[in-house]
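The next block holds one structure in the form of structure tokens; read it before the comments.
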Amino acid sequence: MILVSACLIGLNTRYDGKNNFHQVFCDMVKNKIAVPFCPEQAGGLATPRCPSEILGGDGTDVLDGNAKVITREGLDVTENFLKGAFETLKLAEIIGAKEAILKSKSPSCGSKCIYDGTFSKKLINGMGVTAAYLYQHNISVIDSDEYLKQRQRS
Ligand code: SF4
């Protein structure tokens with residue numbers, strides 16, 4: 001079983017109330033090989049919500065207490081992001097997921113790069129909070145853009 005970011009299958013879980021639908025991911029859920037989830041909603045954040053970025057590092061640094069997650073308006077939502085990560089691992093364990101396909105660049109779900117905390121669309125290498133937490137618990141995290149590129153090549 002695979003975990004997949006909920007916005008990738010068309011659920012309107014994004015901060016702006018929209019989604020990142022792709023048929024490939026939707027079919028995984030229809031075919032019962034994937035389960036959708038949204039860590040930011042699971043962490044208690046509303047939809048729509050103010051966008052957030054990690055300030056002072058990446059998701060691993062947040063888990064270590066060395067960085068925080070802030071909204072564009074400056075509100076500290078680190079606790080929500082941590083709760084979302086913990087809830088996601090709980091779901092992974094319930095369904096026996098060994099892999100997670102996660103939306104690129106998100107401060108929760110990004111697994112290769114994330115925005116740098118300045119809200120200026122600048123990317124840095126690193127994982128989001130949930131991606132880092134799943135990775136630390138031996139779940140393979142797969143970047144959604146990378147997954148689609150590899151699929152096109154094969
Ligand atoms: S937290 Fe993850 S699943 Fe939720 S909207 Fe953001 S990228 Fe999608």
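None of these values were measured; they are calculated from a predicted model. Whatever order the structure lists them in is the order used to number ligands and atoms, beginning at 1.
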Which of the atoms of ligand 1 are close to F37, meaning less than 4.0 Å from one of its heavy atoms?
-> 3 (S)

Short N-O contact, K90 and E93, less than 4.0 angstrom = no

Please list every donor-acceptor pair under 3.5 Å in which a side-chain atom of residues 22-29 meets a protein atom from a residue at least two apart or in another chain.
residue : atom : partner : partner atom : Å
H22     : ND1  : V24     : N            : 3.1
Q23     : NE2  : D27     : OD1          : 2.9

Tell me which donor-acceptor pairs under 3.5 Å the side chains of residues 35-45 have, and how far apart each pair is, sequence neighbours excluded?
residue : atom : partner : partner atom : Å
E40     : OE1  : R49     : NE           : 3.0
E40     : OE1  : R49     : NH2          : 3.2
E40     : OE2  : S108    : OG           : 2.9
Q41     : NE2  : T47     : OG1          : 2.8

Using non-hydrogen atoms of the residue, decide whether Y15 is closer than 4.0 angstrom to ligand 1.
-> no

Do N19 and T13 have side-chain heavy atoms sitting under 4.5 Å apart?
-> no

Report the protein N/O/S neighbours of atom 8 (Fe) of ligand 1 that fall below 2.8 Å; do not count waters.
-> C7 SG

Just by distance, with hydrogens left out, do T71 and S52 show a side-chain donor and acceptor under 3.5 Å apart?
-> no

Is the number of heavy atoms from other residues, nucleotides or ligands under 6.0 Å of F86 CZ greater than 12?
-> yes

Q150: partners by side chain to side chain contact (heavy atoms under 4.5 Å, CB included), with sequence neighbours left out = E146, R153

